[in-house]
Amino acid sequence: MRFLITGGAGFIGAALANRLVREGHHVRVLDDLSAGDPLRLDSRVLFTRGDVKDVPKLWTLLQNIGCVYHLAARVSVPESILYPRDYNDVNVGGTVAVMEAVRDAGVKRVVLASSGAVYGEQPQQPVSEKSIPHPDSPYGVSKIASEHYVFTIGALCDIETVALRIFNAYGPGQFVPASHAPVIPQFLKQALGGGSLIVFGNGNQTRDFVYIDDVVDALFAAAMASGVDRRIINVGSGQEVSINQLVEKVARATGRKVSHLYSQANDGGVSRLVADISLARRELAYSPQVDLDEGLELMLALDPQFRVAVDQ
Ligand code: NAD
């Protein structure tokens with residue numbers, strides 16, 4: 001099959017692109033490199049630098065494409081609170097641009113990378129797709145809006161659409177930006193650097209950490225599965241882990257004596273979030289293979305940024 005991946009030089013996009021070309025598919029990537037790195041891509045992936053809102057560029061890249069994975073986005077919850085206009089512009093505007101171009105190019109299917117962040121605080125855990133979203137950040141709102149645009153334009157224009165609500169993805173190749181870094185690579189970096197782990201809030205808040213290969217399995221299946229048109233599907237591990245438990249797991253995996261500090265600079269976000277993955281199991285034959293302890297070991301073994309520190 002022939003795929004276009006927007007945001008394909010990012011953490012999830014590059015892992016997906018490399019998996020698809022390894023399996024013999026033809027893959028194009030569009031990424032503005034605001035957070036991505038084309039060096040992560042297998043040489044068989046055709047990379048184009050550009051903005052996802054550039055519809056003429058999308059038209060060119062969409063020639064003969066059967067399925068689009070739309071991943072290009074700004075991805076930080078705290079950053080979205082500081083810059084909501086940017087998040088609306090890139091995440092919502094980018095999605096509308098992709099759907100407009102897809103409509104004109106005759107693409108058959110679009111898979112949207114949505115997020116578990118749409119749910120916000122939910123009394124019922126694990127959270128199923130039937131729960132009413134209460135996003136608590138502009139990022140979450142931008143993902144809900146993206147889902148609506150994808151499904152609505154898809155239905156109007158006879159394009160199959162699927163939205164995967166991905167929970168907290170982690171794994172080798174995950175970027176650690178200077179600010180607003182995702183918690184797992186941040187903790188590993190702090191632990192290996194001999195510093196204290198900074199825990200926001202009281203650390204009792206829980207999350208669902210899902211290993212990158214499992215996310216890629218779900219994305220892959222979402223392009224191939226039948227009967228998933230206009231479905232929203234959770235993609236997580238189904239395992240609930242508190243940030244305090246994560247601190248212990250990072251200490252065990254790194255073998256370092258790890259100290260941690262609590263910071264009230266940020267309340268740590270929603271109190272609980274874990275995915276009900278029964279729909280993904282049913283519709284995508286999804287079955288997460290890597291638990292958090294194993295995933296941390298794999299990150300330390302496979303990611304060069306951590307391997308150097310582990311060897312010291
Ligand atoms: P990432 O930042 O590594 O990837 C996003 C990519 O989009 C980057 O390579 C960036 O350069 C590119 N991009 C940003 N703005 C762009 C623009 N205007 N034009 C073209 N490219 C642009 O993040 P990721 O973790 O790989 O996330 C990929 C997708 O999955 C995003 O849509 C994100 O919202 C979604 N998602 C990620 C997670 C997670 O835990 N990583 C969880 C839920 C959903």
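Numbering of ligands and ligand atoms starts at 1, following listing order. Numbering starts at 1 and runs along the sequence shown.
With sequence neighbours left out, the ring pair (Phe, Tyr, Trp, His ring centres under 6.0 Å) criterion links Y211 to Y170. Under the side chain to side chain contact (heavy atoms under 4.5 Å, CB included) criterion, D37 pairs with L39, R40, F175, not counting sequence neighbours. Residues passing the salt bridge (charged side-chain N to carboxylate O under 4.0 Å, His left out) test with D217 are R19, sequence neighbours excluded.
Near ligand 1, residues G7, A9, G10, F11, I12, D31, D32, L33, S34, A35, G36, G50, D51, V52, L71, A72, A73, V75, V90, A113, S114, S115, Y139, K143, I166, F167, N168, A169, F175 each place a heavy atom inside the 4.0 Å sphere around the ligand atoms.
Enclosure of atom CD1 in I132 is not indicated, since only 12 or fewer non-hydrogen atoms of other residues, nucleotides or ligands lie within 6.0 angstrom.
In summary, R22 and D42 do not engage in a salt bridge, as defined by a charged side-chain N under 4.0 Å from a carboxylate O.
For the 3.5 Å distance criterion, the side chains of D32 and S34 qualify, holding a donor opposite an acceptor.
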